[in-house]
Amino acid sequence: QVQLQESGGGSVQAGGSLRLSCAASIFTATNYYMAWFSQAPGKEREGVAALFRGGYFTYYADSVKGRFTISQDNAKSTLYLQMNSLKPEETAMYYCAATADCVGFASTWSGAGIYNYWGQGTKVTVSS
């Protein structure tokens, strides 16, 4: 059983930065597909960024390309999401997700249903 615990959320002004962390109880660089999702109040969970192969392959939602960076520190068993130039509409709960099995990750990574493990989430508030 994989356990995920997010941290690093908080309140920032528009244009500011935050770095989210996700500590994983089990972490194998090449075996797990990892992702970050956001969920705003009243909306569905949306894929923000994902990686596998220790970060050799990374994927981003179009809305965050060039501003967010997903990365992984195997020594610390931690997944990160560096978020820069934050916008008020990015106010949401952010969740870390993982799965050990996936086919066609490049085209399916943003679907919440493919992930078996989820953290409890960390709240990000961006004020204008």
Side-chain angles (χ1 to χ4, degrees):
Q1 183 75 16
V2 175
Q3 293 183 335
L4 305 173
Q5 180 63 60
E6 304 92 339
S7 62
S11 298
V12 295
Q13 290 190 329
S17 298
L18 283 174
R19 187 177 79 158
L20 306 183
S21 299
C22 172
S25 61
I26 299 176
F27 214 75
T28 303
T30 58
N31 287 358
Y32 279 88
Y33 301 82
M34 308 289 296
W36 287 98
F37 281 75
S38 67
Q39 187 168 22
K43 295 188 177 181
E44 293 187 354
R45 202 165 289 191
E46 298 181 340
V48 175
L51 61 73
F52 75 108
R53 296 280 180 166
Y56 186 81
F57 295 98
T58 58
Y59 306 95
Y60 295 93
D62 288 343
S63 61
V64 306
K65 285 180 180 177
R67 298 186 298 118
F68 289 14
T69 302
I70 188 171
S71 62
Q72 179 176 311
D73 185 333
N74 295 327
K76 297 181 179 179
S77 297
T78 303
L79 181 73
Y80 299 102
L81 182 68
Q82 177 67 43
M83 305 187 296
N84 298 328
S85 301
L86 281 160
K87 304 175 181 180
E89 55 265 37
E90 291 170 331
T91 293
M93 287 292 290
Y94 283 75
Y95 297 90
C96 174
T99 184
D101 301 299
C102 183
V103 177
F105 190 66
S107 58
T108 62
W109 70 268
S110 61
I114 71 168
Y115 297 93
N116 303 116
Y117 307 104
W118 292 87
Q120 294 300 308
T122 186
K123 187 174 182 180
V124 172
T125 302
V126 185
S127 59
S128 58

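Please read these numbers as outputs of a predicted model, since none were measured by experiment. In what follows, every heavy atom counts, from backbone to side chain, and hydrogens, waters and symmetry copies are set aside.
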Determine all donor-acceptor pairs shorter than 3.5 Å in which one atom belongs to a side chain in residues 121-128; sequence neighbours excluded.
unit_1 : atom_1 : unit_2 : atom_2 : d
T122   : OG1    : G9     : N      : 3.0
S127   : OG     : V12    : O      : 3.4

Applying salt bridge (charged side-chain N to carboxylate O under 4.0 Å, His left out), which residue pairs with at least one partner in residues 54-71 are found, sequence neighbours left out?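 Counting only pairs at least two positions apart or across chains, the salt bridge (charged side-chain N to carboxylate O under 4.0 Å, His left out) contacts touching residues 54-71 are D62-K65, R67-E90.
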
Nearest-0.5 Å distance, [atom1] of residue [X] to [atom2] of residue [Y]:
X    : Y   : atom1 : atom2 : result
F68  : T58 : CZ    : OG1   : 14.5 Å
S63  : E89 : OG    : CD    : 9.0 Å
S17  : M83 : OG    : CE    : 8.5 Å
W109 : L51 : CH2   : CG    : 10.5 Å
L79  : S21 : CG    : OG    : 8.5 Å

Tell me, please, which residues at least two apart from [X] pass side-chain hydrogen bond (donor to acceptor under 3.5 Å, both in side chains).
X    : value
Q5   : none
Q39  : R45
N116 : T99
S110 : none

Do W36 and C96 have side chains that get closer than 4.5 Å, going by heavy atoms?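 They are in side-chain contact.
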
For the backbone of Q120 and the side chain of E6, can you confirm whether one donor and one acceptor N or O come within less than 3.5 Å of each other?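 Between the backbone of Q120 and the side chain of E6 there is a qualifying donor-acceptor contact (under 3.5 Å).
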
Which disulfide bond (SG atoms under 2.5 Å apart) pairs, counting each pair once, include a residue from [range], with sequence neighbours left out?
range           : answer
residues 33-83  : none
residues 99-128 : none
residues 36-73  : none

Consider only side-chain heavy atoms of I, L, V, M, F, W and Y, link residues closer than 4.5 Å, and tell whether Y80 and V64 are in one cluster.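 No, separate clusters.
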
My understanding is that only residues two or more places apart in sequence, or in another chain, count here; which of them pass ring-ring contact (aromatic ring centres under 6.0 Å, His included) with Y33?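 So Y33 forms a ring-ring contact (aromatic ring centres under 6.0 Å, His included) with F52, F105.
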
Taking ring-ring contact (aromatic ring centres under 6.0 Å, His included) as the test, write out the residues that go with F37, two or more places apart.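 F37: ring-ring contact (aromatic ring centres under 6.0 Å, His included) contacts with Y115, W118.
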
Can you sort out the partners of T69 under side chain to side chain contact (heavy atoms under 4.5 Å, CB included), two or more places apart, ordered by chain and number?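 Applying side chain to side chain contact (heavy atoms under 4.5 Å, CB included) to T69 gives Y60, Q82.
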
